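Numbering of ligands and ligand atoms starts at 1, following listing order. Values below: every heavy atom of this structure, side chains too, minus hydrogens, waters and symmetry copies. Predicted model only: the values in this text are computed from it and were never measured.
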Amino acid sequence: LTPKHPVIPASFATLWQHDGPYNDFSRWSRRFFGGRVQKLSVDTGGTCPHRQNGRGDGGCAFCRVDAFVPAYCTPDASLLQQIEAGSIFFGRKYPDLSFLVFFQAYSNGGNIVEQAKLALLRPGVVGVVIAMRSDVVDAKLAVELGNLAEQSFVLVELGLQSGNDKSLRFMNRGHTVQAVYDACDLLAREGVRSAVHLIMGLPGESLDEMLGHARIVNELPVNQLKIHHLQVLEGTAFATVFRENPALFMNWDAQAYAGFCADFLTRLRPDLVIQRFANESPQDLVLHPRWDGIKNFELSRLVEAELWHRHAFQGSVWNGQGA
Ligand code: SF4
């Protein structure tokens, strides 16, 4: 008889401390922080070094910053006012929440350590998450973040986006895969936790190429991973490419994407914490794919069901090194 669920190896179950099929952020964070935590986005009025001063020629081809900054978060308000507004917004549903302040908009650098220290002073804030381009991370910043990480939870999120330099050039990313390796190494050496983001469904990437990104993620000294499906947004360079040549883009539905994510997870190191699978841009901005505004929690359920259905789990075909 085939068991209903696969037997998760004892070493994985001990690592995750649950018998689910993957190492999800929600369960990991509750265990790590001893309760429910919520990422709370803030916008400190930073800018994108990739767009500034004519550099970057319009920025990354997929990017539209207003698509991922929540309404409660505005640089017109001070950092502490934004944290206050966010905690009221989320606290209505879960009064016992703790918060990870998420410096999400654009790419942070410059005075980010001072801003992070200020955020950490507020009661209820248990850590900071900082989105950053890999080419902003230098030895000095890594040391400063390392000092902060000795006292508080600090997670730096870097956009890898693709494991192919060809795709990074096509999306006008302005850095190479090697730059992400270098940034992750600098952070790891200073004891700073890091996460990388990957976009699945980039124009011209085959399923095999996308699955191959698992090898790079496994090699990087990172702790967490965020997987997004590419949403082609109105007003971006990819919107123009899509209108001219839609065949370049994956034409999958949410179920097929969930199946792909399940395959991808089987190739990953079991210690990697998986933050999410979906982009949730406002529907009126999404040109492709149109999945009726599916939410991350719904996609996560589909991925989990796919894993159970296949009798598979995160790391089930991982070979101990690359994928
Ligand atoms: S994705 Fe980040 S680096 Fe690229 S243009 Fe947008 S804010 Fe700048």
Checklist entry - When you measure from atom 1 (S) of ligand 1 to each heavy atom in R51, H175, R173, which option holds the nearest one? => result R173
Next on the checklist: Before you tell me yes or no, could you show the steps for F62 and T236 under side-chain contact (heavy atoms from CB on, under 4.5 Å), namely the whole-Å CA-CA distance, both residues' side-chain angles and the distance that decides it to 0.1 Å?
Outcome noted: CA-CA 6 Å; F62 61 86; T236 63; 6.0 Å; no
Side-chain donor-acceptor contacts of residues 180-190 below 3.5 Å, not counting sequence neighbours, with atom names and distances?
{"unit_1": "Y181", "atom_1": "OH", "unit_2": "E219", "atom_2": "OE1", "d": "2.5"}
{"unit_1": "D182", "atom_1": "OD1", "unit_2": "Q178", "atom_2": "NE2", "d": "2.9"}

Next on the checklist: Show the atoms of ligand 1 that are less than 4.0 angstrom away from any heavy atom in R133.
Outcome noted: 3 (S)
Next on the checklist: Only heavy atoms of F62, strictly under 4.0 Å: list the atoms of ligand 1 that pass.
Outcome noted: 1 (S)
Item to check | Sequence neighbours excluded, every pair satisfying side-chain hydrogen bond (donor to acceptor under 3.5 Å, both in side chains) that has a member inside residues 84-94 | outcome: E84-R122, S87-R122
Item to check | N, O or S from C48 under 2.8 Å to atom 8 (Fe) of ligand 1 | outcome: yes
Checklist outcome for this item: In Y22, W291, F25, the residue satisfying ring pair (Phe, Tyr, Trp, His ring centres under 6.0 Å) with F277 is Y22
